[in-house]
Amino acid sequence: MTPADLAAKIDHTALRADASEADALRVAVEAAEHGFASACVHGRHIKAIAPRLAGSQCVASGVAGFPLGAMKPTVLAIEAASLAKDGAREVGFVAHVPHLLAEDVDAARADFVEVVKACRAVSPDVVVTVILETAALMAGVDAAQGEARIAAGCRAAQESGCDLVQTSTGFHPAGGASTQAVQRLRKHAGPMRIKAFGGIRTRDDAQAMLDAGADRIGSSDGVAILRG
């Protein structure tokens, strides 16, 4: 894989709780310079970075309900739509984990539909990613039940019109991305693309996720990954 091909699969992020506007702008500049897929920042910084990415192949990306996914679905939808209004061409949101732990496809789908409809009302071509927190879904249960929970999340995502499913936020105590989670997502995601996020620090980490079936990689260490 050429460096340009790898760069096009990386979302360069500034999602720490203490990430400032200066951090977001730095990430946007680096993302545009290296040809990354997106610069992913907190919602309050989207307006600042979107103009900096205009004319580049890199897009502004923001996250809603991050990192807990515990807000009311109507509020989550408003936040997600506001990201699109501020210039985000990709919007990620965190699923309500208890719905997925219960394998409640109907409840998860209802939440996801609100977010997708709100985003697409702003921009029909906005790319929507749902973050499933797969490490939490697989923790403390056997492999079959963990996979059933992931399958439920993928089904709700596909039926609600999401474009991508993402492994994790990187903040849950159960952990971040794993090759096993990516493989489970690949098995159940259908036509949706897969993003691996959480704990991906090196070129080898990134390649392992891509080999497992990921289409995109999210990391705050995008430049280091690209340089190997």
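Numbers here are sequence positions counted from 1. Everything numeric in this text was worked out from a predicted model, so none of it was measured.
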Do you know the tightest heavy-atom contact between S168 and A177?
OG-N, 3.3 Å
Relative to the ring of F66, is the ring of F171 parallel (under 30°), tilted (30 to 60°) or perpendicular (over 60°)?
perpendicular
Would T169 and E133 count as having a side-chain donor-acceptor pair, cut-off 3.5 Å?
yes
Walk me through it: do L137 and V97 pass the test side chain to side chain contact (heavy atoms under 4.5 Å, CB included)?
CA-CA 8 Å; L137 302 184; V97 174; 4.3 Å; yes
Could you check whether R201 and S220, counting side-chain N and O atoms only, form a donor-acceptor pair closer than 3.5 Å?
yes
Would you name the heavy atoms of E103 and A152 that are closest together and state the gap between them?
CA-CB, 4.0 Å
Hey, does S219 have a side-chain heavy atom less than 4.5 Å from the side chain of F36?
no
Using a 4.5 Å cut-off on heavy atoms from C-beta on, say whether the side chain of L210 contacts that of M1.
yes
Closest heavy-atom pair and its distance - R149, L100:
CG-O, 3.4 Å
Quick one: does H42's side chain have a donor or acceptor within less than 3.5 Å of a partner on R16's backbone?
yes
Judged by atom type as modelled, is there a donor-acceptor pair below 3.5 Å linking the side chain of D23 to the main-chain atoms of S20?
yes
Whether R203 side chain and L226 backbone form a donor-acceptor pair below 3.5 Å:
yes
Just so I know, are the side chains of D111 and L76 near enough to count as touching, which here means a heavy-atom distance under 4.5 Å?
no
Shared ILVMFWY cluster between V130 and V75, side chains joined below 4.5 angstrom?
yes
Walk me through whether R227 and H34 qualify under side chain to side chain contact (heavy atoms under 4.5 Å, CB included).
CA-CA 10 Å; R227 291 174 176 168; H34 292 285; 4.2 Å; yes
Under 3.5 Å, side chain of T167 to main-chain N/O of F197, donor-acceptor pair present?
yes
Other residues, nucleotides and ligands only: do more than 12 of their heavy atoms fall within 6.0 Å of CZ on R44?
no
Do H12 and E30 have side-chain N/O donor and acceptor atoms under 3.5 Å apart?
yes
Heavy-atom pair with the smallest gap, counting every atom of G43 and L83:
CA-CD2, 3.3 Å
Reference residue D163; test salt bridge (Lys or Arg N to Asp or Glu O under 4.0 Å); the match among R193, R89, R120
R120
Start with the C-alpha gap between Q158 and H188, add the side-chain angles, then the distance that decides, and say whether side-chain hydrogen bond (donor to acceptor under 3.5 Å, both in side chains) holds.
CA-CA 10 Å; Q158 187 171 341; H188 297 286; over 6 Å; no
Do any N or O atoms from the side chain of T179 and from the backbone of A212 form a donor-acceptor pair under 3.5 angstrom?
no
I'd like to know whether T134 forms a side chain to side chain contact (heavy atoms under 4.5 Å, CB included) with R184, so could you lay out the CA-CA distance, the side-chain angles of the two residues, the decisive distance to 0.1 Å, and finally the verdict.
CA-CA 9 Å; T134 51; R184 298 291 185 270; over 6 Å; no
Donor-acceptor contact present, side-chain Q57 to main-chain G35, <3.5 Å:
yes
R186 atom CZ, over 12 foreign heavy atoms within 6.0 Å:
yes
CA sep, side-chain torsions, deciding dist, call: C40, V63, side chain to side chain contact (heavy atoms under 4.5 Å, CB included):
CA-CA 8 Å; C40 186; V63 288; 3.9 Å; yes
Main chain of R109, side chain of S160: is a donor-acceptor contact present, judged purely on distance under 3.5 Å?
no
Looking only at heavy atoms, which two atoms of I10 and I225 are closest? And how far apart?
CD1-CG2, 4.0 Å
